[in-house]
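Chain naming here is simple, since letters A, B, ... match the order of the sequence lines and numbering starts at 1 in each.
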Number of protein chains: 2
Amino acid sequence: MARPSSTTTTGRRRASHSMEAVLTEAVALLDEAGPSALTFRALAQRLGGGVASIYWYVASKEELLDRATDHVVGQVLVEVEALPESDDPIDDLRAMALTLFDAIVARPWLGAYFMRNTVVQGSSLRLYDRLGRQTLRLDLTAQQRFHAVSAVVGVVVGTAVDLGQEPPQEVLDGAVDRDEFLGRYAATWRELDVEEFPFVREIVDEFDGHDDLDQFRAALDLALAGLRLQAGARGDP
Amino acid sequence: MARPSSTTTTGRRRASHSMEAVLTEAVALLDEAGPSALTFRALAQRLGGGVASIYWYVASKEELLDRATDHVVGQVLVEVEALPESDDPIDDLRAMALTLFDAIVARPWLGAYFMRNTVVQGSSLRLYDRLGRQTLRLDLTAQQRFHAVSAVVGVVVGTAVDLGQEPPQEVLDGAVDRDEFLGRYAATWRELDVEEFPFVREIVDEFDGHDDLDQFRAALDLALAGLRLQAGARGDP
DNA sequence: GCGCAGTATCGAACATCGTTCTATGTTCTC
DNA sequence: GAGAACATAGAACGATGTTCGATACTGCGC
């Protein structure tokens, strides 16, 4: 039906794929040119095979996306598990979230796809558990723990989604870099009426050329400060 | 070229659309059957016209999505602006975020599309300004204000995205309701090894049948607690 | 050696989607 | 009434996900 175990095929004239190769090339396509570049035909060409062959490994594009996402989340999971454990669970939670965010910055398409089946199984569920495990070291109710991890994941995904917007062709081509891209919006915003858009005018300089990581870190730290408060903030016994 | 100003057309035999009708029907399609149901052909059929006619009002599907999103965000904006102002800016910010979240719960597809051009113009920018305006009443730096609103929007979007996952066909048909849907995952999770997934096992009862609004409110309150801390929490002068 | 089931591959065709082209009707203005 | 702008469509194009049927390769019993 599906899923080969080991393909020691010599692959003479015909193409021999293996699930690993399919996923690797799929991720490569996503990395190089974004989600719109991942088509069965493009993928088949990269694998040096036919279009329909891919369907032997994957039942649909949805499954391809799921597996490709899980493939890279697995790598993130390894990084997260390699993180040293300190005596402050919240610090550890912070480090994990930052690791996850870094991965999304490196692969913006991940932001949009990360929540696919998060809840279902595989590496995402494991990652979810690793995050939540830190809350077990805090003095909280089960519900508070559930909500705390939801909040952290929410901040990550929320920031990541807006980061994962498929950028206009200009910046993909490298014709326009990110700073100039931001600068254009900033310029528009500076034209707005102060009475009508007082806040936008207030923060336009902050927005112009801002660092996504700073933005994320600030949002994360707000939520974690709230969590620390909730956990009682009582130090060592 | 495009964009009619006022269409007082009588519309006898031929279909007469008007931008309003196009957007209304587009939103209706999204509401009824999710993003995958919004095709130019389905939309044309609903409007009683041809496919190509829609292109007189919008240049592309991207623009259709942008305008449809802005259309409903405009309604949210009205609700947000109708909110009474208290003497606590953070409470007001909270109320606004909850209003926004309610709108997304009612229209799950909004979660995924909300960030489209958020930053660009139209109702989304106005909404962004209304949210941020509350931070002007707090004792913060411009950067802190920028980050605070990013955090709040991040929490909203982050929670909303995972909510906006196009639900499986079963629940769209109404054959399976949300509680049962959650229950299935919960059942899978309960089978997991406690040693391997201690956190998932800890919160599975919380997850089963949980309320999205509670989850969101908890995440929001964590971030707002952090913000309150940052703002100094010094009451009236 | 032979057949045969399972494994693995692929070309061609299909339906659908966004989009474009071209033509036609409608309404307003002079 | 003629022409310009507005407004509407049908048909076709190219791309995409997907299915179908045919074909090859592999390991195994005999």
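- Checked against ring-ring contact (aromatic ring centres under 6.0 Å, His included), His71(B) has no partners two or more places apart in sequence or in another chain.
- To the nearest angstrom, C1' of dC17(C) lies 14 Å from CG of Leu65(B).
- The distance from atom CG of Leu47(B) to atom P of dG10(D) is 13 Å, rounded to the nearest whole Å.
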What protein N or O atoms touch nucleotides 17-21 of chain D N or O atoms at under 3.5 angstrom, if any, and at what distances?
from	atom 1	to	atom 2	distance (Å)
dG17(D)	OP1	Lys61(A)	NZ	2.5
dG17(D)	OP2	Phe40(A)	N	3.0
dG17(D)	N7	Arg41(A)	NH1	3.0
dG17(D)	O6	Arg41(A)	NH2	2.9
dT18(D)	OP2	Tyr55(A)	OH	3.0
dT18(D)	OP2	Lys61(A)	N	2.7
dT18(D)	O5'	Tyr55(A)	OH	3.2

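- Residues that satisfy the side chain to side chain contact (heavy atoms under 4.5 Å, CB included) test with Ala42(B), not counting sequence neighbours, are Leu29(B), Thr39(B).
- Considering only residues two or more places apart in sequence or on other chains, Asp70(A) meets the side chain to side chain contact (heavy atoms under 4.5 Å, CB included) condition with Ser123(A), Ser124(A).
- Scanning for side-chain hydrogen bond (donor to acceptor under 3.5 Å, both in side chains) contacts around Asp31(A) gives Arg107(A), Trp109(A), with sequence neighbours left out.
- Across the protein-nucleic acid pair, Tyr57(A) atom OH and dC10(C) atom C1' stand 13 Å apart, rounded to whole Å.
- Between the P atom of dG18(C) and the CG atom of Leu29(B) lies a distance of 11 Å, rounded to the nearest Å.
- Every side chain to side chain contact (heavy atoms under 4.5 Å, CB included) that Glu81(A) has, sequence neighbours left out, goes to Leu77(A), Arg130(A).
- Taking atom CH2 of residue Trp56(B) and atom C1' of nucleotide dG10(D), one finds them 20 Å apart after rounding to whole Å.
- Note: CD1 (Ile54(B)) to P (dC17(C)) measures 12 Å, nearest angstrom.
- Ring pair Trp189(A)/Tyr128(B) is tilted by interplanar angle, where 30° to 60° counts as tilted.
- For the pair Ser53(A) and dA8(C), the criterion of a side-chain N or O lying under 4.0 Å from OP1 or OP2 is not met.
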